[in-house]
Every structure is written in structure tokens, then in C-alpha cells.
J.: 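Structure incoming, see below.
Counting starts at 1 for both ligands and their atoms, following the listed order. The basis for the numbers below is simple: all heavy atoms, side chains too, and nothing from hydrogens, waters or symmetry mates.
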Amino acid sequence: MTVWKRGPGTGPHPPWKVILLDRDGVVIRDRGYLGDPGGVELIPGAAAALRRAHEAGWYLCGLSNQSGLGRGLFTLGDLAAVMQRMEDLLAADGAVFDAFHYCPHAPGEGCECRKPQPGLVREAGLLEGLDHRSWMVGDKLSDVETGLRLGIGAILVRTGYGETSLQAVRDRWSTNPPFAVVDDLPAAIGLILGAGETDA
Ligand SMILES: [Mg+2]
Ligand SMILES: [Zn+2]
């Protein structure tokens with residue numbers, strides 16, 4: 001489901017510059033089924049990093065599994081309040097998402113939008129022709145798996161669930177995972193912007 005999308009016709013421009021971002025544990029602290037806007041706290045440096053990426057021309061699209069809805073732990077209104085609080089905090093630092101999409105289902109519902117499935121990316125209108133120079137940033141394997149399945153760059157951050165995810169990463173890929181591992185969102189954005197520079 002779409003929380004917001006900025007105006008008709010807004011889309012990545014140029015089309016390959018897309019950064020898909022998980023929310024909890026990446027942009028804000030992972031509080032676990034957060035339904036209270038008072039619990040919204042930005043990851044340090046997240047707003048400045050997103051602003052930099054936006055200024056560099058990247059299209060920022062949030063993709064979030066919000067199974068707390070499907071589990072009945074909070075309401076759509078709660079989620080909207082949390083999202084508004086996050087948007088306000090980001091805007092205070094000049095940062096803005098271009099679009100934000102979330103899966104409202106519980107894991108057992110068999111939906112097609114819960115990451116690592118591509119449903120949210122399709123809903124965002126980004127699935128067809130998504131350039132491999134795009135990126136997915138998250139703190140769980142389901143996030144990096146989303147990026148890997150799309151054939152784009154994937155980055156695991158150590159914030160949020162990241163350190164726990166790293167245990168599974170080592171079990172599965174030893175010391176050579178097919179994605180980058182960095183400290184946090186500012187480091188991820190730094191990597192993305194740096195990769196763009198060497199590309200050019
Ligand atoms: Mg997360
Ligand atoms: Zn879903």
C-alpha cells in the first residue's frame with residue numbers, strides 16, 4: 001500500500017537513479033511494531049545522508065514490511081501518524097522521500113508484497129526496467145534479498161537488526177556476501193554516491 005507518492009508524474013530521473021530503503025533500523029530506530037509516533041527516532045545522520053542523496057539526483061523510495069497491521073498490533077491511523085512524525089523529522093533536516101510503500105500483511109497471509117518479494121517495487125512503478133545501478137539498503141536479509149532478486153546493488157547496515165543479520169550472513173556466505181556491509185545509512189549513502197562517481 002502507498003503511504004505517499006509526491007505528485008503525478010514524479011519518478012526517478014534519470015531512471016536508473018533509484019535507492020530503495022527499508023525504514024525500521026535504517027532510517028529510524030527499530031522499536032518493533034512501532035505504532036506510536038512518540039517512538040520515532042532518526043538514526044543519527046540519516047536525514048543529512050538522505051538529503052545528500054536527493055541533491056545528487058537519486059529517487060528515494062521507502063519499502064517497509066509493516067506486519068504489525070496484519071497482526072492487529074496497530075492501526076492504519078497509527079502507521080500514518082508514525083510516518084508523519086518521521087517525515088517531519090526528516091524535513092527539519094531538508095530530507096524527503098519521493099515515495100513510500102508498505103506491506104500491511106502478516107507473514108502467513110501469502111501476499112506478494114512482503115519483502116523479499118517484489119510486490120512493493122511493482123506497486124512503486126519501478127519494477128519494469130529497473131536499472132542495475134539502483135540500490136536497496138536495509139538491516140535484514142529480506143532487504144538485501146530484495147535487492148539481489150532485482151539484480152541491483154544491495155547494502156546491509158549494522159544498525160537496527162543488522163548485527164543479528166550478520167550472523168546469518170556469515171552462516172550463508174562466510175566472509176564473502178554478494179552485497180556490501182556498512183555501519184549505517186550515512187555510510188551506505190556514502191558508498192552509493194562514491195560508486196556513482198567512479199562510474200562516471
Ligand atoms: Mg528494518
Ligand atoms: Zn503484503
J.: Restricting to N, O or S atoms, which atom of D22 is closest to the Mg ion (ligand 1)?
T.: OD2

J.: Within the stated cut-off of 2.8 Å, is an N/O/S atom of D139 closer than that to the Mg ion (ligand 1)?
T.: yes

J.: Do D131 and S134 have side-chain N/O donor and acceptor atoms under 3.5 Å apart?
T.: no

J.: May I ask you to check whether Q167 and D171 show a side-chain donor-acceptor distance below 3.5 Å?
T.: no

J.: Above 12 or not: heavy atoms from other molecules or residues under 6.0 Å from OH of Y161?
T.: no

J.: When you check the gap from the basic side-chain N to the acidic O, do R172 and E145 get nearer than 4.0 Å?
T.: yes

J.: Under 2.8 Å from the Mg ion (ligand 1), is there any N, O or S atom belonging to D24?
T.: yes

J.: Here's one to test your reading of the geometry: is the NZ or CZ of K17 within 45 degrees of the ring axis of Y59 and under 6.0 Å from its centre?
T.: no

J.: Rounding to 10°, state the angle centred on the Zn ion (ligand 2) that links SG in C103 with SG in C111.
T.: 110°

J.: Can you name the N/O/S atom of H105 that is nearest the Zn ion (ligand 2)?
T.: ND1

